[in-house]
K.L.:
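Sending over a structure as structure tokens; questions will come in a sec.
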Amino acid sequence: MTGVELSLLLRRRRVWLCWALLCALPALVAVLLAVTGLAPPPGRGGAFLSAVVSNGQLFPAAALALVLPVFLPITVAIVAGDAVAGEASVGTLRYLLVRPVGRLRLLLAKLVSIMVFVLLAVLFVTVTGYVVGVALFGFGPDAELGGAGGVTSLSGAVLSPVDLLGRTALVVGYLALCMLALGAVGLFFSTLTDSPLAAALGVLALVVASAALQPLDAAGVIEPYLPTAHWLAWIDLYRDPILWPSVREGAAVQAGYVLVAFGAAWANFATKDVTS
Amino acid sequence: MTDVIATRGLVKRFGRVTAVAGVDLRIPAGIRFGLLGPNGSGKTTLVRMLLGLVHATAGEVELLGEPMPRRAARVLPRVGAMVEGPAAWGNLSGRANLRLIDAAGPGGGRGRRQRVDDALERVGLGGIDRRPVRAYSLGMRQRLGIAAALLRAPELLLLDEPTNGLDPRGIGEMRDLLVALNEAGTTVVLSSHLLGEVDALCHRVGVMDAGRLVLEEDMTMLRAPTGRVLLRTPDPAAVVAELNGRVVERSGDLVVVRHDDPAALNARLVAAGVRVAELVPERRSLEQVVLELTGHGADRVDTSGNEARR
């Protein structure tokens, strides 16, 4: 069933369009920066944007920071919201279930397919970010400081390219986990309705609500448990030494979201009357 | 003969609406069974419960001798079904759809290409190209849906409106296909609005109305003569004179006579010198039976009186 799900995912034009658009936005920003040379001053604008002009290798981080707040959640909401509700609305859900595909297996396959989608999304953005960044901004003058291609970390120390690659891999994993948490919530919403649009909008509503509560002092008690609260912890992975506590806490909360949302999806779907 | 389907006191309520209200249905193996009833009479909900898509509020379902939905994983691979019209992933070709449906279930990929080709061939889509299903006509989708149900050579075929969207020639083809499958040992259960279809195809029918099974009967019993004879003659007055007291109804040259033996009746009339143009024992049509037994479908909502509250 997982193979069937992945095959369905990869043959959907919408999915490739999502990936293409995710990669297009940072590429556009890179081209604009390269043409005008007007990088935002340090401390303003998107994370890392001020630094990329001097070193293209940092552009993947800047690209992720660009798509993270809105673009990435939208694509995850679309794909995850479609997971069960989409099958229900075209009617293939009933044919899968009488084939038979066990309901738990179906949900697990859907979760794996969402996982593959978010992982590839983050990976594609990172890779295009790297290619575009290096092509437009080069390896940067820091090369003399820390050997060939060295990059200054946010804490001032110089990272070797290998170190940078390892950290970027960690960032990809961390952000994919954050998005998977959102995707699992989308999967749950998708079992509640037969409308993929409603499920997707539900996910976006959660993101917006969480982002609205986050800066509020009165919401301080629940702040660490908001889904968006730890989205920026990945930046700590570029510090030297890495600030693990925030990353670890973020990963735990996001993993909790995956478990709880998947459990809720299973609880709802296991005994649901499929009348679509 | 064993039963392929057996339900006991099957009830399904959706909130305050009772869709199925205590159905005891038995369908023996090897026959062609027709499930009839107006829209909203609970046919589809019943079929969905048989397949484990909808969970019964009360009662039991046995499919191929196993309890459902508990043994769904064991029973359903032996059942082919089409519920409420065909469905397919519109962006993929018909063949790709069947491959994925085949791969989704248990049983492995061995012989998949052959299975898919055979199923497409049987429903008359053998030469189908790579066009996406989105571009298929209603009839082609219908054929694809039936092909999907046939994929794993099921022992039991459950088809909801299998001829929907097919032209008369297509309907004939499907009828031939279902008869051939049935003669090869597959039990065929179909629900339909087209009484003519069921009449031509089924050995036995069940009629549902307002969530209840109001009739379960062999077609031969339904078609048994009613004990009346329809008689067409150029001189009806002579018939009435000859058969005084037995004539039930007369309109123009048509006379309805109460009589058990049409052959004897004919001999008597001819002996009396009455000319007979046409003489048939009256049989109830399936349509009459169904219309007598059932009320309006749930899709008709009258404005006033008791009818609206039925």
Side-chain angles (χ1 to χ4, degrees), chain A residues 1-18 78-79 82-113 117 191-196 266-276, chain B residues 12-15 19 44-45 47-57 63 68-69 71-93 96-107 109 132-134 141 144-145 148-149 151-152 154 158 160:
Chain A
M1 187 56 210
T2 307
V4 171
E5 271 310 317
L6 292 181
S7 163
L8 283 171
L9 178 80
L10 296 178
R11 286 200 239 180
R12 211 158 270 165
R13 213 183 315 169
R14 183 190 315 159
V15 166
W16 290 96
L17 199 65
C18 282
I78 290 173
V79 171
D82 193 51
V84 176
E87 304 279 6
S89 65
V90 295
T92 40
L93 182 61
R94 59 178 183 266
Y95 288 107
L96 286 172
L97 292 180
V98 302
R99 178 61 192 86
V101 178
R103 295 188 179 203
L104 181 60
R105 259 185 72 212
L106 183 77
L107 282 183
L108 278 171
K110 293 284 180 195
L111 188 71
V112 169
S113 122
F117 172 80
T191 62
L192 294 175
T193 167
D194 287 347
S195 156
W266 163 234
N268 178 48
F269 191 58
T271 54
K272 189 187 175 181
D273 285 335
V274 176
T275 52
S276 60
Chain B
K12 179 61 191 181
R13 286 190 208 96
F14 292 107
T44 302
T45 304
V47 170
R48 281 177 185 271
M49 277 194 280
L50 296 178
L51 292 169
L53 289 172
V54 164
H55 298 269
T57 310
L63 200 59
M68 282 291 288
R71 292 291 177 81
R74 268 177 59 180
V75 183
L76 289 182
R78 297 155 63 200
V79 179
M82 185 159 75
V83 191
E84 254 188 301
W89 294 288
N91 56 327
L92 305 177
S93 73
N97 263 286
L98 290 191
R99 284 214 192 102
L100 287 179
I101 279 288
D102 191 82
V133 171
R134 205 188 297 120
R141 284 169 202 242
L144 185 65
L151 259 183
R152 294 276 179 160
L158 268 173
D160 196 5

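Computed from a prediction, not measured in an experiment: that's the story for all the values here. Chain naming here is simple, since letters A, B, ... match the order of the sequence lines and numbering starts at 1 in each.
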K.L.:
Looking at chain A, which one of P77(B), G52(B), A81(B), A73(B) has the largest number of heavy-atom pairs inside 4.5 Å, strictly under?
P.N.:
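Of P77(B), G52(B), A81(B), A73(B), P77(B) has the most heavy-atom pairs under 4.5 Å with chain A.
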K.L.:
If you take all heavy atoms of P100(A) and P106(B), which pair is closest and at what distance?
P.N.:
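Answer, listing the atom of P100(A) first, then P106(B): O-CD, 3.5 Å.
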K.L.:
Can you give me the closest heavy-atom contact between L76(B) and L97(A), atom names plus distance?
P.N.:
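Heavy-atom minimum between the residues: CD1-O, 3.9 Å.
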K.L.:
If every non-hydrogen atom of A104(B) is compared with every non-hydrogen atom of V4(A), which pair is closest and at what distance?
P.N.:
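So the two residues come closest at N-CG2, 3.7 Å.
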K.L.:
Hey, is the main chain of D102(B) close enough, under 3.5 Å, to the side chain of R99(A) for a donor-acceptor pair?
P.N.:
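Yes.
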K.L.:
Just so I know, are the side chains of K272(A) and H55(B) near enough to count as touching, which here means a heavy-atom distance under 4.5 Å?
P.N.:
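Contact flag for K272(A)/H55(B) side chains = no.
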K.L.:
With only heavy atoms counted, which part of S276(A) is less than 4.5 Å from chain B, the side chain, the backbone, both or neither?
P.N.:
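The backbone, not the side chain.
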K.L.:
In terms of heavy-atom proximity below 4.5 Å to chain B, should T92(A) be classed as side chain, backbone, both, or neither?
P.N.:
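Contact with chain B involves both backbone and side-chain atoms of T92(A).
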K.L.:
Let me know if M49(B) has heavy atoms under 4.5 Å from chain A in its side chain, its backbone, both or neither.
P.N.:
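When you check distances to chain A, no heavy atom of M49(B) falls under 4.5 Å.
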K.L.:
With a 4.5 Å limit on heavy-atom distance, are the side chains of V54(B) and T275(A) in contact?
P.N.:
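Yes, side chains in contact.
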K.L.:
Quick one: what part of R103(A) sits under 4.5 Å from any heavy atom of chain B, side chain, backbone, both or neither?
P.N.:
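For R103(A), side-chain heavy atoms alone lie under 4.5 Å from chain B.
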K.L.:
Given heavy-atom pairs under 4.5 angstrom as the criterion, report whether the side chain, backbone, both or neither of A72(B) touches chain A.
P.N.:
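Backbone only.
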K.L.:
Counting only non-hydrogen atoms closer than 4.5 Å, does E87(A) touch chain B with its backbone (N, CA, C, O), its side chain (CB onward), both, or neither?
P.N.:
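Contact with chain B is through the side chain of E87(A) alone.
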K.L.:
For each of V98(A), T2(A), T271(A), tally heavy-atom pairs with chain B at distances under 4.5 Å, and name the one with the top tally.
P.N.:
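Among the listed options, the one with the most contacts to chain B is V98(A).
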K.L.:
Donor-acceptor check, side chain of R94(A) to backbone of L53(B), threshold 3.5 angstrom: yes or no?
P.N.:
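No, R94(A) side chain to L53(B) backbone: no donor-acceptor pair under 3.5 Å.
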K.L.:
For R99(B), is it the side chain, the backbone, both or neither that has a heavy atom under 4.5 Å from a heavy atom of chain A?
P.N.:
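Looking at R99(B), nothing touches chain A.
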K.L.:
Considering non-hydrogen atoms only, spot the tightest contact between A87(B) and V90(A) and give its length.
P.N.:
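Smallest interatomic distance, heavy atoms only, reads CB-O, 3.2 Å.
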K.L.:
Determine yes or no for a side-chain-to-main-chain donor-acceptor pair under 3.5 angstrom, with N91(B) supplying the side chain and R13(A) the backbone.
P.N.:
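A pair under 3.5 Å: no.
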K.L.:
Please classify the contact of L92(B) with chain A as side chain, backbone, both or neither, using a heavy-atom distance under 4.5 Å.
P.N.:
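Just the side chain, heavy atoms under 4.5 Å.
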K.L.:
For D273(A), is there an ion pair with R48(B) - N to carboxylate O distance below 4.0 angstrom?
P.N.:
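Answer for the salt bridge query: no.
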K.L.:
Please list, in residue-number order, every residue in residues 104-113 of chain A that has a heavy atom less than 4.5 Å from any heavy atom of chain B; write 'none' if there are none.
P.N.:
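Contacts with chain B: R105(A).
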K.L.:
Taking only residues two or more places apart in sequence, or in another chain, which ones meet R141(B) in a side-chain hydrogen bond (donor to acceptor under 3.5 Å, both in side chains)?
P.N.:
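Expected list: none.
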K.L.:
Counting N and O atoms only, with roles assigned by atom type, does the side chain of Y95(A) sit under 3.5 Å from a partner on the main chain of V83(B), one being a donor and the other an acceptor?
P.N.:
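Checking the backbone N and O of V83(B) against the side chain of Y95(A), a donor-acceptor pair under 3.5 Å is found.
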